[in-house]
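Quick note on labels: first sequence line is chain A, next is B, and so on, each numbered from 1. All of these numbers come straight from a predicted model, not from anything done at the bench.
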Number of protein chains: 2
Amino acid sequence: MTRRTTGTTTIQTVADAAGVSIASVSRVLNGLTANEETIKRVNDAVKAVGYVPNSAAKSLKTNQTGQVAFAMENIGNAAYLAMVQAIQPVLRAGGYRLLLHSTDADVQDEIDVLRSLGQRYVDGLILCPLRVTRRHVAELKRAQAPVVVIGQLPKSCPNDNVRVASRPGVALAIQHLADNDRTRIALVDGPVDTVPGKARYAGYQDGLKQAGLEEDPDLVLFADFTVDGGAKAARALLQQKRPPDAIFAANDLMALGVLQAAREAGLDVPGDVAVVGMDDTELAATAWPPLTSVSLGAQERGRLAAELLLERLSEPDRPRQWVTVEPRLVVRASSGEAT
Amino acid sequence: MTRRTTGTTTIQTVADAAGVSIASVSRVLNGLTANEETIKRVNDAVKAVGYVPNSAAKSLKTNQTGQVAFAMENIGNAAYLAMVQAIQPVLRAGGYRLLLHSTDADVQDEIDVLRSLGQRYVDGLILCPLRVTRRHVAELKRAQAPVVVIGQLPKSCPNDNVRVASRPGVALAIQHLADNDRTRIALVDGPVDTVPGKARYAGYQDGLKQAGLEEDPDLVLFADFTVDGGAKAARALLQQKRPPDAIFAANDLMALGVLQAAREAGLDVPGDVAVVGMDDTELAATAWPPLTSVSLGAQERGRLAAELLLERLSEPDRPRQWVTVEPRLVVRASSGEAT
DNA sequence: CGGCATCCCGTAAACGTTTACGACTCATGG
DNA sequence: CCATGAGTCGTAAACGTTTACGGGATGCCG
């Protein structure tokens with residue numbers, strides 16, 4: 001005896017309309033073995049009653065959601081945005097939907113996301129943490145779903161990982177400035193207690209050393225990763241008695257702030273002071289003068305992370321993958337010749 | 001007799017550990033009536049076994065997913081990005097997760113998203129369509145979940161709606177240019193077969209009329225909403241025998257392209273030609289010269305749409321809401337005095 | 001004609017929750 | 001002492017799928 005059909009159209013509705021059992025409907029829908037005749041009747045019935053499978057029920061049985069989450073600090077940041085843009089098409093091609101988590105750089109929030117994987121509302125997670133604490137590591141180890149981490153990661157973490165060598169990337173920029181005869185090269189860095197902030201400072205020191213330049217503590221300032229942060233820092237730098245002839249900003253946003261401060265001070269870029277940014281976002285190309293910037297391959301990292309995740313999902317026991325993306329210096333007008 | 005506990009920790013695991021029935025566990029977890037003693041034992045058990053409720057099972061019973069989707073053309077567009085940034089915190093505060101759909105301006109994709117609401121993987125949808133076809137209307141009417149539409153919508157659609165009067169917004173800009181003694185004001189519009197494209201053209205005509213200027217067909221070009229599109233169109237405009245002394249671009253991206261073309265042609269902005277953009281994105285403020293732009297309140301629209309959706313979700317039968325956001329002219333240097 | 005393999009299909013159980021219903025305890029009041 | 005009601009709790013059904021299992025046709029071969 002067939003179950004009574006309720007208000008919502010379920011697989012049972014289809015079964016009744018096609019005159020077959022719900023098992024047959026399910027089989028046809030999932031492309032399993034079935035008679036030509038039944039296939040046709042089921043497909044017709046599906047159309048006729050306008051059936052759409054309920055994803056919650058499907059998830060409950062199959063333990064798969066067809067969803068993947070991406071957690072980052074703030075999607076307003078162009079670097080993360082580039083990642084999202086790269087991640088989306090890969091996931092979609094793999095039949096997954098994309099969920100977004102903005103953590104606002106709140107460590108607790110990142111941890112919560114990791115914890116909530118136990119709810120099984122996603123099949124996997126791409127996580128892009130600003131800093132990796134001991135709690136991160138602990139949660140990563142016991143995560144209930146595959147997690148791909150974008151960024152530096154301790155070797156003890158069992159997760160797939162995509163990283164970029166930002167430190168040599170900074171050095172690349174410093175070297176480039178030195179090659180153009182800049183000798184007082186300043187650094188406008190982000191917060192020093194973040195992983196990127198630390199790496200950039202180290203790269204700055206590397207670059208100076210390679211170029212045979214001395215580090216001048218007056219030329220290193222820390223701000224936050226915003227236009228205003230960059231502008232404030234640059235104003236301070238440019239007012240010094242011995243101002244820099246080049247400024248490397250840890251971020252395109254900050255570099256824009258630097259450009260702004262230079263204009264205010266009546267300085268020509270690159271004539272009086274060269275400026276180089278980092279991330280090579282859309283902003284760099286459209287700035288004036290067009291901004292030389294170190295590309296950290298955000299798009300590429302996003303794409304790779306998504307691909308790694310999909311591969312892991314289809315093959316859970318494969319060995320852990322680590323991928324490194326190479327930084328690339330994109331030279332534009334802002335780092336041209338001095339006058 | 002209690003059911004055998006399987007590998008995964010379910011509500012049954014908790015029940016066994018606490019020595020109560022699964023019904024009691026569920027009641028405690030959902031804050032329903034229960035004895036102090038039981039509450040404590042359940043909570044302890046939850047901690048002890050590390051229980052996290054399975055969201056698929058919950059969804060299946062309650063018919064709620066705790067998820068909301070936002071579908072737009074392409075998150076790379078700063079206007080949509082601003083919406084996402086505004087939507088996210090509202091949803092999160094309401095306890096919802098955010099799902100992202102990039103439709104790439106593919107009408108079929110938008111329709112598919114609407115259709116897929118039948119799968120019930122989200123409780124509601126915020127849709128930001130580029131154009132609204134007859135099929136859109138049809139699907140909107142039979143949508144299986146509440147949909148809030150951002151953008152122009154026929155009155156026949158039963159959906160909540162947030163719109164912006166972009167047409168008077170454009171007129172505002174034209175008026176502003178005319179007030180500054182510009183007489184040959186060009187329009188670089190987006191595709192004319194899109195809703196925004198049409199509205200901007202109409203607003204352009206309105207503005208000219210208000211200012212007592214004649215429309216010159218040579219001064220109206222259509223391109224796509226990109227930097228390159230704007231640059232190409234501007235090059236064509238500036239090479240004419242009677243070039244414009246002002247250019248309104250339908251979009252900040254296109255306006256950046258216009259700025260670029262003006263620089264290539266050795267023209268001063270705003271001395272030789274004034275430029276005004278639209279959307280007032282981050283790009284406008286950081287451009288050089290800083291770009292005058294018409295704000296269409298993307299953030300505000302996003303926030304309002306999210307709020308409308310949450311209200312609709314908690315009160316499904318409330319009357320349909322229509323909200324209009326007022327455009328605002330943000331004057332910066334690019335539309336200053338002519339020389 | 002019997003035995004056996006093959007092909008389809010239907011029955012029913014299971015996934016992990018929520019919740020209606022009824023049962024039980026205990027206190028209260030007539 | 002019984003009836004009533006309030007406060008808790010457990011049993012079991014239900015949500016809409018997928019899938020293991022077995023049974024009924026059918027065809028083929030010995």
Nearest-Å distance for atom pair [atom1]/[atom2], residues [X] and [N]:
X       : N       : atom1 : atom2 : value
D16(A)  : dG10(C) : CG    : C1'   : 14 Å
L60(A)  : dT17(C) : CG    : C1'   : 8 Å
L29(A)  : dT18(D) : CG    : P     : 7 Å
Q144(A) : dG16(C) : CD    : P     : 13 Å
Y51(B)  : dG16(C) : OH    : C1'   : 7 Å
I11(B)  : dT18(C) : CD1   : C1'   : 8 Å
Y121(A) : dG16(C) : OH    : C1'   : 18 Å
N63(B)  : dT19(C) : CG    : P     : 12 Å

Q. For residues Q67(A) and Q67(B), is any side-chain donor paired with an opposing acceptor at under 3.5 Å?
A. yes

(Q) Judged by each residue's nearest nucleotide on DNA chain D, which is more toward the 5′ side, L32(A) or A57(A)? (A) A57(A)

**Q.** Phosphate OP1/OP2 of dT18(D) contacted by S26(A) side-chain N/O (<4.0 Å)
**A.** yes

(Q) Tell me whether the side-chain N/O atoms of T8(A) come closer than 4.0 Å to OP1 or OP2 in dG16(D). (A) yes

Q.
Heavy atoms from C-beta onward define the side chain here; which of dT17(D), dT18(C), dG16(C) lies closest to that of K58(B)?
A. dT18(C)

Q. With a 4.0 Å cut-off, would you call D109(B) and R92(A) a salt bridge?
A. yes

Q. Charged N to carboxylate O under 4.0 angstrom, E307(A) versus R303(A)?
A. yes

Q. Who passes side-chain hydrogen bond (donor to acceptor under 3.5 Å, both in side chains) against Y121(B), sequence neighbours left out?
A. H101(B), S116(B)

Under-3.5 Å N/O pairs linking protein and nucleotides 12-14 of chain D:
from	atom 1	to	atom 2	distance (Å)
dA14(D)	N3	K61(B)	NZ	2.9

Q | side chain to side chain donor-acceptor pair (under 3.5 Å), paired with Q12(B), selected from D16(B), T8(B), T10(B), T9(B) | A | D16(B)

Q: Evaluate the salt bridge (charged side-chain N to carboxylate O under 4.0 Å, His left out) criterion for residues E37(B) and K40(B): first the C-alpha distance (whole Å), next the side-chain angles of each, then the deciding distance (0.1 Å), finally the verdict.
A: CA-CA 5 Å; E37(B) 165 71 6; K40(B) 175 157 169 29; over 6 Å; no

Measure all distances between protein nitrogen or oxygen atoms and nitrogen or oxygen atoms of nucleotides 7-9 of chain C, and list the pairs falling under 3.5 Å.
from	atom 1	to	atom 2	distance (Å)
dC8(C)	OP2	T33(A)	OG1	3.3
dC9(C)	OP1	T38(A)	OG1	2.5
dC9(C)	OP2	N35(A)	N	3.0
dC9(C)	OP2	T38(A)	OG1	3.0

Q: Tell me what N30(B) touches on the nucleic acid: a base, only sugar-phosphate, or nothing, going by heavy atoms under 4.0 Å.
A: sugar-phosphate

Q) Is it the case that more than 12 heavy atoms not belonging to E36(B) sit under 6.0 Å from its CD atom? A) no

Q.
Please identify which of these residues, L304(A), V162(A), D160(A), meets the side-chain contact (heavy atoms from CB on, under 4.5 Å) condition with Q321(A).
A. D160(A)

(Q) Run the side chain to side chain contact (heavy atoms under 4.5 Å, CB included) test on N161(A) and N159(A) for me, step by step, so that the C-alpha distance in whole Å, both residues' side-chain angles and the decisive distance to 0.1 Å come before the verdict. (A) CA-CA 6 Å; N161(A) 179 247; N159(A) 306 86; 6.0 Å; no

